[in-house]
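First comes the structure, then the notes that go with it.
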Amino acid sequence: MKKRTVIIMSALLVLLIAGLVVSKLTGFTLPSSETTAATTTAADTDYLINLDAADVDKITVTNSEGSFVFGVEAESSGTDSSSTTVTYTLESPDVSTPDSAQVKSLASRYLSLPVQSVAATSDVDLADYGLASPQTTITYTLKDGSEQVVQLGSLLKNETAKGYAMLQGGDRIVTLSNVGTLVELSANDFTSKTIIPFKLSEIDSFSYSRKSDQLDLAAYTYEPEAEAGATPTPTPTPDESATTEDPETAAASRSWMVTSPLNWEGGSDINTLLGELQGLSASDIVSQTIDDPAAYGLDDPAYAFTLNHGDESVTVKLGDEKEVGIRYASVSGRSELFTIDTSSLTSLDITSMSLFDKFAVLVNIQDVSAINLTTPTGQYDMTVFHPSTEEKDADDTLTNHYTLNGQDADVLTSDDDSYFRDLYRGLLSIMLDGLDPQATPQLSDAVYTLAITHRTDSSLVENVALVPRDESSYYVFVDGTYTGFYTLKENLDHEATDPDDMGVEQLLTRLQTAIDQAQDNVYDFPETEASN
C-alpha cells in the first residue's frame with residue numbers, strides 16, 4: 001500500500017514539472033486577475049521601478065487630460081547626508097493656486113511602483129493588456145539625462161485600481177495595485193481648495209451682501225472704550241496685543257461697528273457668521289476657468305462677502321445651487337469655478353437684525369441717577385440710587401432708593417421683587433426690532449421720549465425718542481438722530497400677567513398702583529396673592 005502511494009506521488013510530480021516546462025517554453029498565460037504572485041520578502045520587494053529622488057530631475061505623466069510635469073529636488077542635510085528633504089513642484093500645467101501638499105502626495109507615489117504579480121514574461125499580445133497603445137505613460141528624466149518610461153495598461157477584470165503595467169523595452173508585464181489612481185490626474189487635483197486663508201482673529205473688517213433681502217452690510221472690529229460714548233478705536237491685531245489669551249478664543253467675542261447700511265453697534269452673531277466663514281474650503285473644483293459667470297448665477301450672486309486682513313482681502317461669491325446645499329462659487333484673484341457646501345454656513349440666512357446690537361439704550365441701573373420719561377399719557381420724572389456691590393462693601397448702610405414724580409418708589413412684593421426695577425427692565429426692553437434706513441421721520445413727531453442720566457457724570461445723558469411709523473411700530477431716534485431702526489408698539493403698550501411680558505405703559509401703571517397701595521413699602525397684587 002505504501003509503495004503504491006509513493007508511485008502516485010512521483011507521477012504527479014513529473015506531470016507538474018512537465019507543465020511548468022511547457023509554460024516556460026511557450027510563454028502562455030491568461031490576462032486575468034488570476035496571475036502568478038511575484039515572490040517577495042520584506043527585505044527584497046519586487047519593483048517595476050524604484051528610484052531615489054536624488055537621481056530624478058522630473059517626472060512626466062501623460063494621459064487623456066494632457067501632460068503633468070513634476071520637478072523633483074532632493075536636498076541632503078547633515079554631514080553624513082542621512083537626512084534628505086525632497087521638494088516636488090508642479091511645472092506643468094500652470095495652476096493659479098497649487099496645493100503644495102497635494103502636489104507632493106501625488107508626485108511622490110510615482111518613484112516606487114511595487115509589483116503585485118507577474119502576468120507575462122515573454123512575447124504576448126500587448127493589446128490583451130491594454131499596452132499596445134497605452135493611455136498613460138510615466139516618463140522619468142534622471143539627473144544624468146537618461147530616461148525610463150513606464151506604460152500603464154487596462155484594469156484587471158472586476159477591479160477598479162489594480163491593472164497592468166510594463167517598462168518600455170522590458171520583458172515582462174506585471175500588475176500594480178494602484179494603476180487606477182496613477183492614471184486619474186487632472187489640473188483640478190493640484191488646485192488648492194482653500195477659499196478663505198484667514199483665521200477669525202485675523203479678520204479686521206468685512207462686508208456681506210445677500211440677494212434675498214438686499215442686505216448690504218459692512219463692519220469693522222474695534223476695542224470699546226471704558227468711557228461710554230467714546231469714539232471706537234480699531235482692535236489691535238494679535239501680534240500687537242500683549243495678551244496670553246488664545247487669539248481665536250478672544251476673537252470669538254470681539255466687538256464690531258457696522259457702517260452700512262447704517263452706523264450702529266454690531267451684534268454678537270457677527271462673530272458666529274465670520275467663524276463659519278474662516279478657513280472655508282471648496283467641496284469641488286468644477287473647472288479651471290469661468291467662461292460664463294451668468295450660467296452659474298455669479299453675475300448676480302445670492303451671497304457675497306469680502307473679508308479683510310490689513311492690506312489683504314478676499315471676496316467670495318456664491319451663485320446658483322448645483323444641488324441642494326451645494327452652490328457654485330468664485331473667489332477674487334482666482335480663475336477657477338468652485339462649488340461650496342453651504343450646509344455648514346448656517347448663518348448665511350441669519351436675520352439682518354441679528355447682526356446688530358438690539359438695545360436702543362443700555363445702562364446698568366447702578367450707573368443711573370435720573371430718568372425722565374414722556375408718554376402720550378403723561379410725564380414721569382424718576383431719581384435712582386442703586387449702589388454697586390463695591391459701594392455696599394465699603395459702606396453697609398447704603399440701600400437702594402427710587403422715586404417716581406417725588407413719591408417713594410422703592411416698593412417690593414412679599415418675595416422681594418422690585419416694581420421699579422421691573423419698570424427699568426421694561427425701559428431697556430425698547431428693543432430695535434427691524435430696519436428701515438430709507439425712512440425720513442421727524443423728531444418733532446415723537447410721542448415717547450426717554451432720557452437716562454449717568455450717576456458718575458451728570459452731563460452724560462442717553463436720549464431715546466419714538467416717532468409713530470404705523471399701527472404696530474415706532475421709528476427710533478437716539479440722541480436726536482434717526483437710527484434707521486424701528487421698535488414694535490408692544491414694547492410700549494402690551495397687556496400681560498407676567499411683568500416680563502408687560503409693556504412700559506402697563507409697568508408704569510403697576511408701579512403707581514403699588515406705590516399707592518403699599519404698606520411699609522410692600523404690596524402684592526390680589527391675583528398674585530391668590531395664585532400663591
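Proximity of L432 to V476: side-chain heavy atoms (C-beta onward) are separated by under 4.5 Å at one or more points. V183 places none of its side-chain heavy atoms less than 4.5 Å from the side chain of L185. Between L48 and L167 the shortest side-chain heavy-atom distance falls below 4.5 Å. Looking only at side-chain heavy atoms (C-beta outward), L355 and L215 come within less than 4.5 Å of each other. At least one side-chain heavy atom of L435 sits less than 4.5 Å from a side-chain heavy atom of L262. The side-chain heavy atoms of T84 and V86, taken from C-beta on, include a pair separated by under 4.5 Å. Side-chain contact between F68 and P93 is present, with at least one heavy-atom pair separated by less than 4.5 Å. Counting heavy atoms from C-beta outward, Q148 and L51 have side chains that approach closer than 4.5 Å.
For the atom pair CD (E248) and CG (L200), the distance works out to 6.0 Å, reported to the nearest 0.5 Å. Rounded to the nearest 0.5 angstrom, Y328 OH and E321 CD are separated by 11.0 Å. Between atom OG of residue S260 and atom OH of residue Y208 there is a gap of 14.0 Å, rounded to the nearest 0.5 Å. In this structure, the separation between CG on L274 and OG on S347 is 9.5 Å, given to the nearest 0.5 Å. Note that the OG atom of S92 and the CZ atom of F70 stand 10.0 Å from one another [nearest 0.5 Å]. Interatomic distance, OG of S133 versus CD of Q151, reported as 9.5 Å (0.5 Å rounding).
Salt-bridge annotation for D436 and R469: present, with a side-chain N of the basic residue lying under 4.0 Å from a carboxylate O of the acidic one. Salt bridge absent: D204 and R254 never bring a charged side-chain N and a carboxylate O closer than 4.0 Å. Using a 4.0 Å cut-off between charged nitrogen and carboxylate oxygen, K211 and D300 count as a salt-bridge pair.
For the pair A251 and N271, the tightest heavy-atom approach, listed with the atom from each and the gap, is O-OD1, 3.3 Å. The heavy-atom pair separating D501 from H494 by the smallest distance is O-CD2, 2.8 Å. Between K143 and V72 the shortest heavy-atom distance is NZ-O, 3.4 Å. Among all heavy-atom pairs drawn from S255 and T221, the shortest one is O-OG1, 2.9 Å.
Put simply, the side chain of H309 gets close to the backbone of E202: a donor and an acceptor are under 3.5 Å apart. Judged purely by atom type and a 3.5 angstrom limit, S105 has no side-chain atom pairing as donor or acceptor with the backbone of A101. Looking at S332, its side chain does come within 3.5 Å of a backbone N or O of T315 through a donor-acceptor pair. Under a 3.5 Å cut-off, the side chain of T289 and the backbone N or O of D291 do not form any donor-acceptor pair. The backbone N or O of E91 lies less than 3.5 Å from no partner atom in the side chain of T89, so there is not a single donor-acceptor pair. Listed for the R210 side chain is no donor-acceptor partner under 3.5 Å among the backbone atoms of A304. For the pair W264 (side chain) and D357 (backbone), a donor-acceptor distance under 3.5 Å is present. With R334 contributing its side chain and V331 its backbone, the two residues share no donor-acceptor pair below 3.5 Å. Between the side chain of T175 and the backbone N or O of G163, no donor-acceptor pair lies under 3.5 Å.
A donor-acceptor contact under 3.5 angstrom links the side chains of S112 and N50, judged on distance only. Inspection of the Q102 and D189 side chains reveals no N or O donor paired with an N or O acceptor under 3.5 Å. Judged by distance alone, the side chains of T339 and S283 do bring a donor and an acceptor atom under 3.5 Å apart. The closest side-chain donor-acceptor pair between E276 and T346 falls under 3.5 angstrom. With no hydrogens or angles considered, no side-chain donor-acceptor pair links T342 and R327 at under 3.5 Å. No side-chain donor-acceptor contact under 3.5 Å links T60 and S67. For N263 and T259, the side-chain atoms include no donor-acceptor pair closer than 3.5 Å. S205 and N308 form a side-chain donor-acceptor contact under 3.5 Å, judged by distance and modelled atom types alone.
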Open item on the list: Set out, in order, the CA-CA distance, both residues' side-chain angles and the distance that settles side-chain contact (heavy atoms from CB on, under 4.5 Å) for Y47 and I49, then state yes or no.
Closed with: CA-CA 5 Å; Y47 290 95; I49 198 162; 5.9 Å; no

- [ ] Apply side chain to side chain donor-acceptor pair (under 3.5 Å) to the pair N188 and D284, showing each step before the final yes or no.
- [x] CA-CA 9 Å; N188 295 345; D284 194 16; 5.8 Å; no

Task: Worked verdict on L155 versus K162 for side-chain contact (heavy atoms from CB on, under 4.5 Å) - done: CA-CA 6 Å; L155 297 177; K162 188 187 302 182; 6.0 Å; no

Open item on the list: If you apply the rule ring-ring contact (aromatic ring centres under 6.0 Å, His included), what do you find for F356 with F485, and how did you get there?
Closed with: CA-CA 10 Å; F356 295 91; F485 297 101; 5.2 Å; yes

Open item on the list: side-chain contact (heavy atoms from CB on, under 4.5 Å), that's the test. Do F190 and V103 meet it? Break it down for me.
Closed with: CA-CA 6 Å; F190 306 99; V103 169; 3.9 Å; yes

Open item on the list: If you apply the rule side chain to side chain donor-acceptor pair (under 3.5 Å), what do you find for Y486 with D470, and how did you get there?
Closed with: CA-CA 10 Å; Y486 62 82; D470 53 31; over 6 Å; no

Task: Worked check of side-chain contact (heavy atoms from CB on, under 4.5 Å) between L182 and L113 - done: CA-CA 10 Å; L182 293 174; L113 302 179; 3.9 Å; yes

TODO: In sequence, state the C-alpha distance, the side-chain angles, and the governing distance for Y482 and Y475, and then conclude on ring-ring contact (aromatic ring centres under 6.0 Å, His included).
DONE: CA-CA 8 Å; Y482 175 49; Y475 296 111; 5.6 Å; yes

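Atom CG of D94 has 12 or fewer neighbouring heavy atoms from other residues, nucleotides or ligands inside a 6.0 Å radius. Within 6.0 Å of atom CD in E323, more than 12 heavy atoms from other residues, nucleotides or ligands are found, so the atom counts as buried in its surroundings. Enclosure of atom CG in D311 is not indicated, since only 12 or fewer non-hydrogen atoms of other residues, nucleotides or ligands lie within 6.0 angstrom.
Between Y164 and Y129, the ring planes lie perpendicular to each other; the angle is over 60°, past the 30° to 60° tilted range.
Taking the centre of each ring, Y140 and Y110 stay at or above the 6.0 Å mark.
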